[in-house]
Amino acid sequence: MNVFVTLPDGELRNDFFPTEVRHRLESLSAVSWNPSTDDLSEDALRERIEGVDVLVTGWGSPQVTADVLEAADDLQLIAHTGGSVGPLVSEAVYDAGIRVVSANDVMADYTAEHTFGSIVAKLRAVPELDASMKAGEFGADDVDIRTLYGKDVGLVGLGTIGRKLLDHMASFDVSASIYDPYVDAEELAEYPFATLTDLETALDAEIVSVHAARTEETIGMLDADRLARIPDGALFANTARAEIVDEAALMEELRSGRLSGVFDVYHREPLPADHELRELDNVLLTPHVGGSQIRGPLTEAVIDDIERFERDQPLEHEIPRRQWKTMTR
């Protein structure tokens with residue numbers, strides 16, 4: 001089995017393929033690596049893909065288009081070390097019967113953990129209390145300390161991350177309203193505290209968390225009118241994609257103090273040093289690290305599936321066409 005890894009030579013590839021992980025992949029098959037320090041272009045991938053059985057991809061890899069597939073005489077599996085394969089895979093890949101796996105489920109574990117931790121930290125006023133302590137104070141009389149217990153929670157989009165977030169929240173006696181037009185009510189059977197609702201109902205919650213994929217239909221979905229439906233004093237969290245929310249409308253809500261926020265994603269990344277978000281006391285900010293900084297387990301999961309594929313065993317991280325169609329692009 002011939003494997004080609006598209007990630008360019010450099011720090012990012014070393015993060016995803018530390019020595020022991022690289023040796024594990026090389027022990028399974030004949031592996032060739034992108035020798036360049038730059039991302040491959042579509043034309044360069046087409047030139048390299050002949051004779052490749054398994055294509056291992058990462059952030060920055062070109063899309064596997066019908067044109068690329070014309071040169072892919074042996075390709076059977078695409079294994080993506082990142083999460084969404086929305087921008088990576090084309091319809092032609094599925095038409096050709098090529099299977100696709102990714103670390104989406106594993107990355108979702110860490111993103112859900114980050115989202116849950118950030119929401120609880122903001123509710124419990126951990127950043128404010130830490131700053132107060134470091135300023136030499138000892139007290140909390142002027143700090144708004146809240147709790148997750150018994151709260152009404154609204155999820156805009158469910159997906160893998162949203163489901164895992166519900167797992168974390170299950171023991172906190174929350175009541176969850178879920179808006180996701182691609183989810184059937186039966187899929188929520190294991191979450192008796194969760195109900196499938198319309199978007200307006202999901203927004204009418206004390207905590208609103210965004211988990212929709214970034215697609216043509218979701219970009220700008222949460223505009224000024226919809227943000228205004230969120231109750232006064234609510235906590236608004238976005239660890240999905242910034243473009244789902246109208247930035248100007250969100251800033252107006254945060255600036256007024258009507259809402260507080262937890263954010264890991266931004267319309268411009270890195271977030272500009274002079275961005276107003278950095279000046280607001282009612283937000284908790286992290287630099288898009290929800291699922292992206294813990295990289296070794298992502299690659300390990302993908303290699304696990306490559307090994308299963310070679311042994312003709314069921315794949316644990318396969319992305320079917322139906323799921324691919326709704327993933328972030």
Side-chain angles (χ1 to χ4, degrees), residues 108-130 132 140-180 183 185 187-212 221-222 225-242 244-245 249-250 253-265 277 280-286 290-291:
D109 284 331
Y110 304 127
T111 305
E113 175 191 41
H114 180 89
T115 304
F116 178 76
S118 297
I119 287 174
V120 171
K122 185 58 180 168
L123 288 172
R124 298 291 300 182
V126 173
E128 295 89 338
L129 293 171
D130 175 69
S132 174
D141 293 342
D142 298 327
V143 180
D144 180 21
I145 300 177
R146 294 179 283 169
T147 179
L148 178 61
Y149 278 98
K151 288 293 187 290
D152 292 324
V153 177
L155 301 190
V156 180
L158 185 62
T160 308
I161 296 170
R163 287 180 172 86
K164 293 179 184 294
L165 181 61
L166 290 180
D167 289 336
H168 290 304
M169 291 185 167
S171 62
F172 284 80
D173 194 29
V174 301
S175 176
S177 300
I178 314 297
Y179 170 72
D180 193 321
V183 171
E187 296 180 51
L188 294 178
E190 63 184 293
Y191 306 106
F193 58 90
T195 305
L196 200 62
T197 68
D198 57 23
L199 179 56
E200 286 68 26
T201 302
L203 292 173
D204 186 19
E206 297 164 279
I207 301 166
V208 176
S209 190
V210 180
H211 300 284
M221 177 174 68
L222 298 183
D225 289 341
R226 284 173 169 158
L227 290 176
R229 293 178 176 271
I230 301 175
D232 291 355
L235 175 63
F236 181 78
N238 189 0
T239 58
R241 289 294 187 270
I244 296 167
V245 186
L250 176 62
E253 294 285 8
L254 295 171
R255 190 182 298 119
S256 73
R258 198 179 73 80
L259 303 179
S260 57
V262 165
F263 304 108
D264 189 50
V265 292
L277 269 177
L280 298 179
D281 294 331
N282 57 336
V283 298
L284 188 157
L285 309 178
T286 53

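Reckoned from all heavy atoms, side chains included, excluding hydrogens, waters and symmetry mates. Everything numeric in this text was worked out from a predicted model, so none of it was measured.
Between V156 and M221 there is a side-chain heavy-atom pair separated by less than 4.5 Å. Annotation: side chain of K122 is not in contact with side chain of V283 (no heavy-atom distance under 4.5 Å). Taking 4.5 Å as the limit, some side-chain heavy atom of L129 sits within range of a side-chain heavy atom of I145. Between L158 and L166 the shortest side-chain heavy-atom distance falls below 4.5 Å. Taking the side chain as every heavy atom from C-beta outward, F172 and T147 never approach each other to under 4.5 Å.
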*Working for side chain to side chain contact (heavy atoms under 4.5 Å, CB included), residues L250 and F263*: CA-CA 11 Å; L250 176 62; F263 304 108; 3.8 Å; yes
*Where do L148 and I207 land on the side chain to side chain contact (heavy atoms under 4.5 Å, CB included) test, with the steps shown first?*
CA-CA 9 Å; L148 178 61; I207 301 166; 3.6 Å; yes
*Step by step, would you call H211 with T160 a side chain to side chain contact (heavy atoms under 4.5 Å, CB included)?*
CA-CA 9 Å; H211 300 284; T160 308; over 6 Å; no
*Is there a side chain to side chain contact (heavy atoms under 4.5 Å, CB included) between F236 and L222 once you walk through the steps?*
CA-CA 11 Å; F236 181 78; L222 298 183; 3.9 Å; yes
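Between E187 and R163 there is a salt bridge, since a side-chain N of the basic residue sits under 4.0 Å from a carboxylate O of the acidic one.
Shown here for L165 and T115, the closest heavy-atom pair between the two residues is CD2-CG2, 4.1 Å. Here the closest heavy-atom approach between residue L188 and residue T195 is recorded as CD1-C, 4.0 Å. Shortest non-hydrogen contact noted between A205 and A234 is O-CB, 3.6 Å. A pairwise comparison of heavy atoms in V174 and F193 identifies O-CB, 3.4 Å as the closest pair. Between A202 and Y179, the shortest heavy-atom contact is CB-CB, 3.8 Å. Scanning all heavy atoms of the two residues, the minimum distance from E190 to P192 falls at O-CD, 3.3 Å.
Under the 3.5 Å distance criterion, the side-chain polar atoms of N282 are matched with a main-chain donor or acceptor of L254. No donor-acceptor pair closer than 3.5 Å links the side chain of D109 to the backbone N or O of A112. The backbone N or O of I230 lies less than 3.5 Å from a partner atom in the side chain of R258, making a donor-acceptor pair.
S260 contributes atom OG, which lies 4.5 Å from atom CG of L235 (distance to the nearest 0.5 angstrom). Taken from OG in S175 to CD in E206, the straight-line distance is 9.5 Å, to the nearest 0.5 Å. To the nearest 0.5 Å, atoms CD1 (I178) and CG (D198) are separated by 12.5 Å. Once rounded to the nearest 0.5 Å, the distance linking CG of D281 with CD of E128 reads 8.0 Å. Atom OG of S209 is separated from atom CG of N238 by 7.5 Å, given to the nearest 0.5 angstrom. A distance of 9.5 Å separates CG of L277 from CZ of R255, quoted to the nearest 0.5 Å.
When only modelled atom types and interatomic distance are considered, T201 and D204 share no side-chain donor-acceptor pair under 3.5 Å.
By the salt bridge (Lys or Arg N to Asp or Glu O under 4.0 Å) test, D225 is found to be paired with no residue, residues two or more places apart in sequence or in another chain being considered. For S132, the side chain to side chain donor-acceptor pair (under 3.5 Å) partners two or more places apart in sequence, or in a different chain, are E137. With sequence neighbours excluded, the residues satisfying side chain to side chain contact (heavy atoms under 4.5 Å, CB included) with T286 are H114, D264, L284, V289.
More than 12 heavy atoms of other residues, nucleotides or ligands lie within 6.0 Å of CZ in R146, so this atom counts as buried by the packing criterion.
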